[in-house]
Amino acid sequence: MILIILGVIAGITIGFLFPYTYNPTYSLYVSISILACLDSIIGGIRAIMEKKFDSWIFISGFFVNALLAAFFCVHG
Amino acid sequence: MKNKANSIILMFFTFFLVFSLTMQVKGKPQQYTPVTIETLEYSIDELNAVKNDNARLAESNREKKEKLDELSSMSDIGYEEFIDSYKNEIRERKLEIGMEDLVGPGVVITMYDNQVKRPDWYDVNFDVIHDLDIQIILNDLKIAGAEALSINDERLISKTSVRCTGPTIRVNDVIMATPIYIKAIGDSAKLYAAVTVPNTYGKDLKDLGLGFEAKVSDEILIKAYSGERKYNYARPLEEGINK
């Protein structure tokens, strides 16, 4: 759990210090993808708590979720 | 041990997610209106029309100036007093019909659309500056004794109209959008009061949430009218003809 919180803090810090941002044109797609990723992460935390965590399912789910969400968003 | 590795994987992905999220928040996404082919074509037409207008107006301005120079040089020979009075008269008339740049005390009014986001049900028409608002403000300024007026440096003359053209307004055949700067020369205290005192239209606009700022200034420059002056129907009454 501590590691996850560490990840959050590091993400916020580096994200703010990072000099680039997304092209605003794609912000809609990115935000939908972020939502899908959030879903995966929360699913992963739950799986860890239930001690059923499978890293391959998690990693593939993470990317497939994000890409599918963006794809559906682009193609209406 | 397995649990530890899983947590590390999760940490990396959490980091990635929060990193993207932060970048997204930092990017301050703005509202963009889609550009369709139709709007593009419309814009091209509009631009061409404006370019044509400009060329035509510049040409006619040049012709008028040449004519005026010719007349001025003609009057250099002959009776001094007569010429001087004639020149003074020309000056006065030029001032009257907006051919001279004028300076003097007055107010500068800035009008712009509401910048604050409203709920979806809010009628957007209450949040934008309309041609009618500008007309009423101009009228208020005239009542308060404004001697010269301009909208975005377009001088107001007797034939000037303020017309609605969708998201823009048209003054003297020049298209302009918000922010709109209205300059008025006159008694600055009176002019300022005419648009800011409670129960005036300007104050009402401000209370509605629209951008409306009046600023008193000691020296305002109002540029001369540069457009076309053409009278097709009205003509001076000739002596000896009874109508």
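Letters A, B, ... mirror the listed sequences (proteins, then strands); counts begin at 1.
Side-chain contact between B:T22 and A:F18: absent, with no pair of heavy atoms (C-beta onward) separated by less than 4.5 Å.
For CZ of A:R46, the number of neighbouring non-hydrogen atoms (other residues, nucleotides, ligands) closer than 6.0 Å is 12 at most. By the neighbour-count criterion of 12 heavy atoms within 6.0 Å, atom CZ of B:F16 is sparsely surrounded, having that number or fewer from other residues, nucleotides or ligands. More than 12 heavy atoms of other residues, nucleotides or ligands lie within 6.0 Å of NZ in B:K64, so this atom counts as buried by the packing criterion. More than 12 non-hydrogen atoms from other residues, nucleotides or ligands lie less than 6.0 angstrom from NZ of B:K159. Shown here is A:E50, whose CD atom has more than 12 heavy atoms of other residues, nucleotides or ligands within 6.0 Å. Within 6.0 Å of CG on B:N232 lie more than 12 heavy atoms contributed by other residues, nucleotides or ligands. Residue B:Y122 qualifies as enclosed at atom OH: its count of foreign heavy atoms under 6.0 Å is above 12. With a 6.0 Å radius and a threshold of 12 heavy atoms from other residues, nucleotides or ligands, B:D218 has its CG atom at or below the threshold.
The part of A:F62 that comes within reach of chain B is its side chain, from C-beta onward, which places non-hydrogen atoms under 4.5 angstrom from that chain. With a threshold of 4.5 angstrom between heavy atoms, A:L38 approaches chain B through its backbone and through its side chain. In this structure, no portion of B:F12 lies under 4.5 Å from any heavy atom of chain A. Looking at A:I48, only its side chain comes within 4.5 Å of chain B, counting heavy atoms on both sides. For A:I2, no part sits under 4.5 Å from any heavy atom of chain B, backbone or side chain.
The distance from the OG atom of A:S55 to the CD1 atom of B:I9 is 4.0 Å, given to the nearest 0.5 Å. Taken to the nearest 0.5 Å, the NZ atom of A:K52 stands 14.0 Å off from the CG atom of B:N6. Taken to the nearest 0.5 Å, the CG atom of B:L17 stands 10.5 Å off from the OG atom of A:S33.
Heavy-atom pairs under 4.5 Å with chain B were tallied for A:I12, A:L6, A:I45; the largest tally goes to A:I12. Ranking A:I34, A:I4, A:I9 against chain B, the residue ahead of the rest is A:I34, based on heavy-atom pairs under 4.5 Å.
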Query raised in the report: A:L3 and B:L10: side chain to side chain contact (heavy atoms under 4.5 Å, CB included), yes or no, with the steps?
Result: CA-CA 8 Å; A:L3 283 174; B:L10 209 57; over 6 Å; no

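Heavy atoms only, all atoms of each residue included: B:M23 and A:G15 are closest at CG-O, 4.4 Å.
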